[in-house]
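Each chain gets a letter, A, B and so on, in the order the sequences are listed, and its residues count up from 1. What you are looking at is a predicted structure, and each value in this text was computed from that prediction instead of being measured.
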Amino acid sequence: MQKYSYFPGCSAESTGISYTLSTNYCTGKLGIEFDEIDDWCCCGTSAGRLTSKDLGLALPARSLALSEKQYGDLAVVAPCAGCYSSLKQAAHYVRQSNENRTHVEDLIEMPYTAAAEVVSLLEVFAQDEVKEALTSALTRRLDGLKVASYYGCALVRPTDVCTFDDAENPTSMDDIMALTGAVPVDWAYKTECCGASNQIAAPKDSRVLIERIFRNAQACGADVIVTACPLCMLNLDMREKEINQKRGTAFDIPVYYFTELLGACMGGTVKELGIDRHFYPATSLMGRLVTPAAPEADAAAPEAAAPVQPATQKEVEA
Amino acid sequence: MRTVDLSQVSDQARDASTALAARAGVDLKDCYQCGKCSAGCPMVQGMDLMPREVLRLLQLGLLDEVLQAKTPWLCAQCEVCASRCPQEIQIAALMREVRYASKAAGYQPYPESDKFDDLFIAGVRSKGKSNEQYLAMKYNFSSGHLFQDVLGAPGMFSRGMIGVSTHSVKDTEAVRRLIDKCGGER
């Protein structure tokens, strides 16, 4: 259906493995092709930018230049929000002037014209064409599941660079989640920072960022939090239990990648999607899946609401 | 309220502040101290100077005080300050410039952040990619926080998130050259 140049990012095979598994499951079902950039390197993320301005540009530009060499102007998809933001900022800088372009080309010792767009995974799924394909591929539903869509920083900021959604109240993930029958909740922490690497370097001053996110999600009635970034996911999922223990809170909110929820609705098992690898127990999701009755039954009894059946025990344990 | 005797601030210090801000694309005169940056900053509870105070001190030419502050080192680079600034001041970029200058001046206001970023880049310089398990381990050793997150590591191992093997680019030499060229050599 569609084809992208693919920048996996350093966490794709490690801490973000569930994101990769569930993304591959979804794109496989939808017929979207991801072609990996050969010999891509780390985007440098905030550590690159904080080391020097040049390093913040050159590390992502190297992989983008390789993509240009291998796939021309084919759009580059970066599922990790941090990678997405770094790549996008480099492309944005190069497009601003010939002087900028020459500067970056000198640093990476390769031609790079920034002809290709850099897109996030949310942008791929938010397209009308993909949403239509999703609607027919979703064989199970999550009716009534209250979802807090968590975008974090890097998908929407810097605001002059990351422009595909609203900076204060983005809705692309909410709209995608609504396709499953889930109910996106209105909440205030959609784009608040999770603390990123400060959770390692400055834990005392950063844990409260995570606590506030859970607190607001709980206050707004969320059953689950849904993310589109492996670092946001790790910070929330790995720290929830610790925060409950240390702060006396009683958060009970599993955290998912949006692709895990979509994959579950397309028939994926917890193993196939990586839902069994979370830190905070998350497999209860499978018990929330409902299979809508076949369309023929609807036609036979148009007055009655479509009967739904819970997922079988076998599906839950699969 | 704190009083600053501006007659004691040298023209040189004022010029240095202006030049530092200019490197971040910031004109210090743009800030009128509305405080939106500081109201929305998620890390402000740990900072010794609020983001707007960083701007104010730079406006006054009190550069050295800013270079010794923890604030730029605690900044998570989430960019929420810049996104909400009515004057479109690139505050996160300014924090980065202050960090470069603070490090160049030999200050260590928040050694952990500096250490983490240095180790991150050193890891990328060696393999071309970041290997999280080694980064966490090296950070714990070199920062002295030996047992931090020690409970997380077995959990990651059992989930197949980390292992002993590392991933690497093919052309490690190209990445190393790039990093050294960009002032990231360690």
Side-chain angles (χ1 to χ4, degrees), chain A residues 10-11 13-18 38-42 44-59 62 85 106-109 152-154 156-160 167-168 191-198 200-206 208-209 212 238 242 274 276-279, chain B residues 23 42-43 45-47 73-74 76-80 82-84 88 90 92-93 96-97 99-100 110 112-113 115-118 120-121 123-124 127-133 136 139 143 145 148-149 151-152 155-156 159-163 167 169-171 174-175 177-179 181-184:
Chain A
C10 297
S11 68
E13 300 294 323
S14 55
T15 50
I17 184 71
S18 306
D38 185 46
D39 214 33
W40 61 271
C41 66
C42 173
T45 184
S46 57
R49 289 188 285 285
L50 286 165
T51 299
S52 78
K53 199 173 169 180
D54 281 348
L55 192 57
L57 295 166
L59 277 172
R62 177 184 176 271
S85 187
D106 285 347
L107 292 173
I108 62 175
E109 300 170 9
C153 312
V156 293
R157 293 189 294 269
T159 47
D160 55 336
E168 293 286 349
T191 63
E192 284 292 315
C193 179
C194 72
S197 62
N198 270 5
I200 296 174
K204 279 203 189 77
D205 294 314
S206 308
V208 66
L209 275 62
R212 287 182 199 135
M238 192 169 77
E242 176 202 315
D276 56 343
R277 298 181 189 231
H278 291 208
F279 284 86
Chain B
R23 290 198 295 275
M43 291 302 301
Q45 66 280 341
M47 291 176 169
W73 300 88
L74 269 176
Q77 289 290 312
C78 78
E79 296 267 0
V80 79
S83 81
R84 290 176 184 169
E88 299 179 0
Q90 296 302 312
R96 294 196 292 272
E97 283 298 335
R99 276 182 64 154
Y100 308 152
Y110 203 98
E112 287 89 347
S113 298
K115 183 66 69 186
F116 179 83
D117 289 332
D118 280 357
F120 188 99
I121 297 303
V124 177
K127 300 280 180 191
K129 293 177 183 174
S130 179
N131 288 278
E132 289 143 323
Q133 71 277 35
Y139 174 77
S143 67
H145 301 301
Q148 184 184 307
D149 253 348
L151 294 174
M156 282 195 187
R159 284 164 180 80
M161 289 177 170
I162 56 172
H167 60 173
V169 296
K170 287 178 242 169
D171 196 351
V175 177
R177 206 164 54 239
L178 179 157
I179 290 176
K181 222 174 180 176
C182 295

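Here the shortest heavy-atom pairing between A:Cys10 and B:Glu132 reads O-OE1, 4.3 Å. Closest heavy-atom contact between B:Tyr100 and A:Leu50: CE2-O, 3.3 Å. Residues A:Cys193 and B:Ala76 come closest through the heavy atom pair SG-CB, 4.0 Å. Shortest non-hydrogen contact noted between A:Asp39 and B:Asp171 is OD2-N, 3.1 Å. In terms of heavy-atom proximity, A:Ala201 sits nearest to B:Tyr110 at O-CE2, 3.7 Å. B:Pro42 and A:Leu209 make their closest contact through O-CD1, 3.2 Å (heavy atoms, listed as atom of the first residue, atom of the second, distance).
Distance check, rounded to the nearest 0.5 Å: OG of A:Ser52 to CD1 of B:Ile121 gives 8.5 Å. Note that CG of B:Leu178 is 7.5 Å distant from CD1 of A:Ile108, once rounded to the nearest 0.5 Å. A:Asp54 CG to B:Cys182 SG: the interatomic distance, rounded to the nearest 0.5 Å, is 5.0 Å. Atom CZ of A:Arg277 is separated from atom CE of B:Met156 by 13.0 Å, given to the nearest 0.5 angstrom.
A distance-only check finds no donor-acceptor pair linking the side chain of A:Arg157 to the backbone of B:Ser83 [under 3.5 Å]. In this structure, the side chain of B:Gln45 engages the main chain of A:Asp205 through a donor-acceptor pair within 3.5 Å.
The contact between A:Leu59 and chain B is made by backbone and side chain atoms together, counting heavy-atom distances below 4.5 Å. Contacts of A:Val156 with chain B are absent, with no heavy-atom separation under 4.5 Å from either backbone or side chain. If you measure heavy-atom distances from A:Ala167 to chain B, you find no contacts under 4.5 Å at all. Only the side chain of A:Asp38 comes within contact range of chain B, judged by heavy atoms closer than 4.5 Å. Interface remark: A:Thr159 contributes side-chain atoms only to the contact with chain B (heavy atom separation under 4.5 Å). In this structure, the portions of A:Ser11 lying under 4.5 Å from any heavy atom of chain B include both its backbone and its side chain. Only the backbone of A:Glu13 comes within less than 4.5 Å of a heavy atom of chain B; no side-chain atom from C-beta onward does. The contact between A:Leu107 and chain B is made by backbone and side chain atoms together, counting heavy-atom distances below 4.5 Å.
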Between B:Arg159 and A:His278, does the side-chain contact (heavy atoms from CB on, under 4.5 Å) criterion hold? Intermediate values first, please. CA-CA 8 Å; B:Arg159 284 164 180 80; A:His278 291 208; 5.7 Å; no
Give the intermediate values and the outcome of side-chain contact (heavy atoms from CB on, under 4.5 Å) for residues B:Phe116 and A:Ile200. CA-CA 8 Å; B:Phe116 179 83; A:Ile200 296 174; 3.9 Å; yes
Residue pair A:Thr51, B:Ile179: steps toward the side-chain contact (heavy atoms from CB on, under 4.5 Å) verdict: CA-CA 10 Å; A:Thr51 299; B:Ile179 290 176; over 6 Å; no
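Across B:Arg23, B:Gln90, B:Met43, B:Glu112, the residue that shares the most heavy-atom pairs under 4.5 angstrom with chain A is B:Met43. Taking chain A as the reference chain and counting heavy-atom pairs below 4.5 Å, the highest number among B:Asn131, B:Val80, B:Val124 is found for B:Val80. For the set B:Glu88, B:Gln77, B:Lys170, B:Lys115, the count of heavy-atom pairs under 4.5 angstrom toward chain A peaks at B:Lys170. Ranked by heavy-atom pairs under 4.5 Å with chain B, the first of A:Lys204, A:Glu192, A:Lys53, A:Glu109 is A:Glu109. With respect to chain B, the highest number of heavy-atom pairs below 4.5 Å among A:Gly48, A:Gly274, A:Pro158, A:Ala196 belongs to A:Pro158.
The number of heavy atoms from other shown groups lying within 6.0 Å of NZ (B:Lys127) does not exceed 12.
By the 4.5 Å heavy-atom criterion applied to side chains, B:Phe120 and A:Ser46 are not counted as neighbours.
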